[in-house]
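Read the structure below first, then the notes.
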Amino acid sequence: MAGIVSYGGYIPWYRINRGILYSAMGWLNPASFLPGEKSVANYDEDSITMAVAAGMDCISEMDRNKIDGVFFSTTSSPYRERQEAGIIATSLDLRNDIRTADFSNSLKSATTAIISACEAIKAGEMKNILVCSADTRTGKAGGYQEEMYGDGAAALLIGDENVIATIDGYYSVSYDFVDHWRSEMDKFDRTWEDRWIRDEGYEKFIIESITGLAKKYNLTPSDISKVVYPCMYVRAHSTIGKKLGLSPNQIQPHMFEMIGNTGTPYPIMILISALEEAKPKDKIVMASFGNGSDALLFTVTEEIEKIRGKRKGIKKYLTSKRDLSSYEKYLNFRQMIPIEAGFRGETIAPTSVSTMWRHRKEILALVGSKCKKCNTPQYPPQKICANPECGAIGEMEEYRFSDKKGVVFSYTEDILAFSPNPPAIYGIVDFEGGGRGIFDFTDCERGEVKVNMTVEMSFRRKFLDEFRGISGYFWKATPRIIK
Amino acid sequence: MAEGIKDKVAIVGMGCTKFGELWDKSAEDLIVEAVTEALQDAGIEKKEIQAAWLGTCFDEVNVGKSALPLSLSLKLPFIPVTRVENFCATGSEALRAACYAVAAGACDIALAVGVEKLKDIGYGGLPEFVNAMGPRNRFLQPNITAPGAFAMMATRYFEKYKIKPEEGKKVLARISVKSHKNGALNPKAHLRREITIEEAVNAPIIAWPLGLYDCCGVSDGAAAAIVVKADIAKSIRPDPVYIKALQIAVSSGEEVLCNNCWDGAHVESTYRAAIKAYKEAGIKNPREEIGVMETHDCFSITELTEYEDLLISERGQAAKDVMDGFFDLDGKIPNQPDGGLKCFGHPIGASGLRMMYEIYKQLQGKCGPRQVKNPKLGLTHNMGGMPHANVVSVFIVGRDKG
């Protein structure tokens, strides 16, 4: 039976306390204060990089050749045209003969992608589809969206063997309910009045989809272990539960005070936190909200025990965090203020797309080579073995470094090099199992990197060429390791 | 078996401009100034030059590509002129080409010129490398700066020899204090102010653990050499300087491709070039035989590791020699008597020739207050690139023909 084979989560390292947002911009909207904090993508992260992080978690220790498709959902696409699911598939070093698609333009697109994957599996055309979802939405300074929106990602592998939770059914409603929108030219959302969104959309659609699901599959509230749905307004979130006849312990916590509303992946992230605690036979209902609502019914299986503790998931990420104490730094991460980068920082070389294509595996998937004669892993991939004792020609096979841990061989904190989050920290990494490379370090601050420290690789945006409208993605080393 | 270059080529004239932030001078002005001094020094005329080489590194911000800027500046009369480039070892590369041409018998008198106009880029430090490393590396390499690249070697050196950063920084400071002292004696040097260890240790960090005074000057300047067949050298001047060895070593890539091929605390190319150079020159014990040196001190840590790679200090013992004053102007082997890259300055394409200019003058005994006592053999070490991937040249020169 089709269902969830694996899950993966991602929450960026930085969190900003909403008090910092309010103390900076509360003068503009004195009534806007919300409690808690929200997750903030680092300057080198976007929806694609975070989706890759969640995807890496989801398929860790799995045979990547068994994945037949990648669906990606977001409302914060870095590109209007360049398929993001394709970038993610290449970065995860998946097969070329797979199907990729982006689901977009609505916050319910992630649940729709899951349903589409499930139906493709049921049709027998594909065995495993990786569904990734991520958002990095930005609100205008001083607005409710700025306080509400957090950044995050989630991934589910949908298949029909060894499922940890079966997908028993789904029910959807679709409406052109324009609670917020963004035109082709807009960087920020425009929204209608909150009271209208809350009363006419948020509460009604989630209740309608879950009620529709319950009716379709003859469910009563007591059949359900956990119900998962996003939080737009804290009080209205619990109102929905009451109206559905659920007790508070049946409602999976929404984490709004910890990460904020993370948009498209939000219900999936809450679902993962539910799966992290779920027992076999638990029934879980998940509903999304965005131009309508999708509701899905899951039943947890015995297989859940095999995956437990082996994923980074959501809960472990909640406690791995760094406070972003500067509102101005936050604005800079989101490119909301012009900063003085100097001529050095403004020097941007052209991006050669044909070079990127030829070297796509080494750049996006961090695939190097390993000598078949002397077994020396090498990055970037070589034609002639670099081991001076060997020197074999044309004896290389592909070798992937993105899932290998490493130790810091050397490093520096560079003040001269331009970085949006100085100092630029980079160094030489020796990989476990062999291989060495020079990489930027990320999710770390001054004084935190040490020689011999263990690091792992994280997919990041290496540069953003705004003039030519293209960004380069690559892997950085990070001491932030979720165990 | 190759014969090597020992005693086949001699330097008979050299010129070098003052280095510094020369806002009112173009690269062409600097070329003319350095070559005019070299011609006067040799006592020959421009028309006697049979071939020439121009060394420039950052062509984008300098004189542009090709050898034309040299030929056009000097109005060379349709002779063969070639531009060479090999990172910060560019000046030595120009000199090598001229020496090889003479040694091969292709010509009797050749000119090598190095020039760099760094101060027209609009910001401090070297020009951003991002445009110079090719489209593939743009996707792969961190935004490495020169101080950052060498700082990684300092991190590694401290780690390998269990030196606490605060102690290590004092040793590095001592290297810069010595060069500033020498530079203060040199009217052509860019930076002519003595500094203290405390100033150096407490200076702002540029790339941890390197601070401001661990970094060399970024300068404009030019230098030139006229080389001739050794057996005609004495007919041109009584005190020519003979090439005893000329070696270049370039990284194979193993440093940063294999885990255990490189300790990160030395420059393998320097070690390889040094071994070959000493063999070529017939030097058995460099610590006793070398009289004066100019080594590539782009950063204090570079100089520290060079003492070991050049087989002057034992591995891990360079810090002791530095603190003992072994390389001071009154030490056993004075290094950077002219102030080095640190204080004379570092116009990339000119630096290798500037080093040779000082050694040439030292061997001729013309260095005034910074004159080293009676050196017979001098060494220049010029390095381009980064500790993990680089180009190194080692020249050994002497006043006597063997």
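Each chain gets a letter, A, B and so on, in the order its sequence line appears, and its residues count up from 1.
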May I ask you to test the [X]-[Y] pair for a side-chain heavy-atom distance under 4.5 Å?
X       : Y       : answer
T351(A) : R138(B) : yes
F139(B) : K462(A) : no
F129(B) : T347(A) : no
M152(B) : Y426(A) : yes

For [X], which atoms come within 4.5 Å of any heavy atom of chain B: side chain, backbone, both, or neither?
X       : result
P377(A) : backbone
S354(A) : neither
A424(A) : neither
Y411(A) : both
E362(A) : both
F431(A) : backbone

Measuring heavy-atom distances to chain A, does [X] have an atom under 4.5 Å in its side chain, in its backbone, in both, or in neither?
X       : answer
Y123(B) : side chain
E159(B) : side chain
P127(B) : backbone
I144(B) : both
C258(B) : both
A154(B) : neither

Handout entry: Option that, when pairs with chain B are counted at under 4.5 Å, heavy atom only, ranks first among G368(A), P350(A), P423(A)
Key = P350(A)

Handout entry: Leading residue by heavy atom contact count with chain B [cutoff under 4.5 Å; candidates F343(A), F418(A), F474(A), F441(A)]
Key = F474(A)

Is the side chain of [X] donor-acceptor paired with the backbone N or O of [Y] at a distance under 3.5 Å, no angle test?
X       : Y       : result
R136(B) : T355(A) : no
R436(A) : E255(B) : yes
R344(A) : G122(B) : no
K476(A) : P142(B) : no

Exercise for the section: Quick one: which of N143(B), I205(B), I206(B), I121(B) has the most heavy-atom pairs under 4.5 Å with chain A, could you say? Expected result: I206(B)

Practice task
Go through T155(B), N259(B), N260(B), T145(B) and name the one with the most non-hydrogen pairs under 4.5 angstrom from chain A.
Solution key: N259(B)

Is atom [atom1] of [X] surrounded by more than 12 heavy atoms (other residues, nucleotides or ligands) closer than 6.0 Å?
X       : atom1 : answer
K25(B)  : NZ    : no
K329(A) : NZ    : yes
K361(A) : NZ    : yes
W23(B)  : CH2   : yes

Measure the [atom1]-[atom2] distance between [X] and [Y] for me, rounded to the nearest 0.5 Å.
X       : Y       : atom1 : atom2 : result
H388(B) : I428(A) : NE2   : CD1   : 6.5 Å
N137(B) : I438(A) : CG    : CD1   : 10.0 Å
S410(A) : Y157(B) : OG    : OH    : 14.0 Å
T412(A) : M153(B) : OG1   : CE    : 12.0 Å
F439(A) : L140(B) : CZ    : CG    : 8.5 Å

Completion exercise
Note: Y379(A) and L257(B) closest approach over all heavy atoms is O-CD2, 3.1 Å

